[in-house]
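Everything below concerns the one structure shown next.
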Amino acid sequence: LGIWLFIMVSGQEKPIARWFRRLYPIVLLVFLAFEAYAIVDRVRVVRFQTGEYVVSLVWIYALLSALVLLFWPVVRNRLTAVVAMVLIAVSVLPAVGYLDFTVKSQTNRLYEVLTRNQMIAGDRIRKAPAELSVEDRRTITNTVNFLQRQREETRLADWFTSSITESNPFVSVFGFD
């Protein structure tokens, strides 16, 4: 909303509009610094799921737009639209798009937890040991739920698809709910 307002008042020469044009990009950068901390903290915990991916793209858009608004003349404000178009294009590209990137991120997260708990045997998943921590159970459950929702849209890892099928539900594969 702020970027749109900045562009809308960019042709105005009233003192309040000039004040806004000078102050807004700086305030936006400060706000984005705090937001970056929250995003990095969240991604560190859950890696990239669709929500984190989209929030990251919006953050990148806001950062690049703030830099355009701060350092380039008003006539260059249309570059914010170019930035948006490029980020939208990136979000649907193979490998770095919202679907492939998030699935790969969650697959790696699940594989690390399963490996750490010795639950991978070749291309199959083994039942959880009795001493599996609550945090690892939660991570496995959340990650498997995410990957199950993506099953129709993308190709999943062989060790995942060979273990979890319609006839072989979560409880029988992992040994817990």
Side-chain angles (χ1 to χ4, degrees), residues 1-7 24-72 75-117 119-120 122-125 135-166 170 173-174:
L1 184 63
I3 295 168
W4 174 81
L5 184 59
F6 186 98
I7 292 169
Y24 177 72
I26 296 166
V27 171
L28 180 58
L29 289 172
V30 171
F31 177 76
L32 288 173
F34 285 106
E35 210 171 278
Y37 176 78
I39 292 169
V40 167
D41 190 47
R42 176 74 179 166
V43 168
R44 188 178 302 127
V45 172
V46 299
R47 306 263 177 101
F48 280 96
Q49 291 184 350
T50 307
E52 289 75 19
Y53 184 87
V54 170
V55 166
S56 298
L57 280 183
V58 170
W59 186 88
I60 291 168
Y61 169 74
L63 175 67
L64 294 176
S65 294
L67 294 174
V68 166
L69 300 176
L70 185 63
F71 294 117
W72 286 351
V75 76
R76 299 284 186 184
N77 287 350
R78 69 185 75 141
L79 287 176
T80 61
V82 173
V83 168
M85 287 186 283
V86 168
L87 289 174
I88 289 169
V90 165
S91 74
V92 296
L93 289 175
V96 294
Y98 76 94
L99 192 57
D100 294 338
F101 188 81
T102 57
V103 166
K104 182 70 172 167
S105 174
Q106 292 302 300
T107 301
N108 290 342
R109 178 180 178 213
L110 179 61
Y111 190 80
E112 287 172 12
V113 172
L114 296 177
T115 302
R116 182 174 62 241
N117 291 291
M119 293 174 61
I120 291 280
D123 65 344
R124 305 285 293 169
I125 299 172
E135 185 60 34
D136 283 346
R137 287 175 190 251
R138 192 173 294 132
T139 299
I140 290 169
T141 302
N142 291 340
T143 306
V144 168
N145 286 339
F146 177 83
L147 292 172
Q148 288 285 65
R149 288 190 306 268
Q150 307 306 321
R151 179 168 270 197
E152 299 290 322
E153 306 295 327
T154 189
R155 186 178 187 292
L156 300 174
D158 291 338
W159 56 267
F160 183 81
T161 55
S162 65
S163 297
I164 298 179
T165 61
E166 298 288 330
F170 185 90
V173 173
F174 291 101

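Predicted model only: the values in this text are computed from it and were never measured.
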With a 3.5 Å distance limit and no angle check, can you tell me whether [X] reaches the backbone of [Y] through a side-chain donor-acceptor pair?
X: Gln106; Y: Val144; answer: no
X: Thr115; Y: Glu112; answer: no
X: Asp41; Y: Tyr37; answer: no
X: Thr80; Y: Asn77; answer: yes
X: Ser65; Y: Ala62; answer: no
X: Asp123; Y: Trp159; answer: no
X: Asn145; Y: Thr141; answer: yes
X: Ser105; Y: Phe101; answer: no

Check: Val46 and Arg109 side chains under 4.5 Å, non-hydrogen atoms: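 The answer is yes; the side chains approach within 4.5 Å.
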Heavy-atom check, side chain of Trp59 versus side chain of Glu35, under 4.5 Å: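 Result yes, sub-4.5 Å side-chain heavy-atom pair found.
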Parallel, tilted or perpendicular: ring planes of Phe48 versus Tyr53, cut at 30 and 60 degrees: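 Taking Tyr53 first and then Phe48, their aromatic rings stand perpendicular (interplane angle over 60°).
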Let me confirm one number: the [atom1]-[atom2] distance from [X] to [Y], rounded to the nearest 0.5 Å.
X: Leu63; Y: Leu28; atom1: CG; atom2: CG; value: 8.0 Å
X: Ile39; Y: Glu52; atom1: CD1; atom2: CD; value: 9.5 Å
X: Tyr98; Y: Gln150; atom1: OH; atom2: CD; value: 8.0 Å

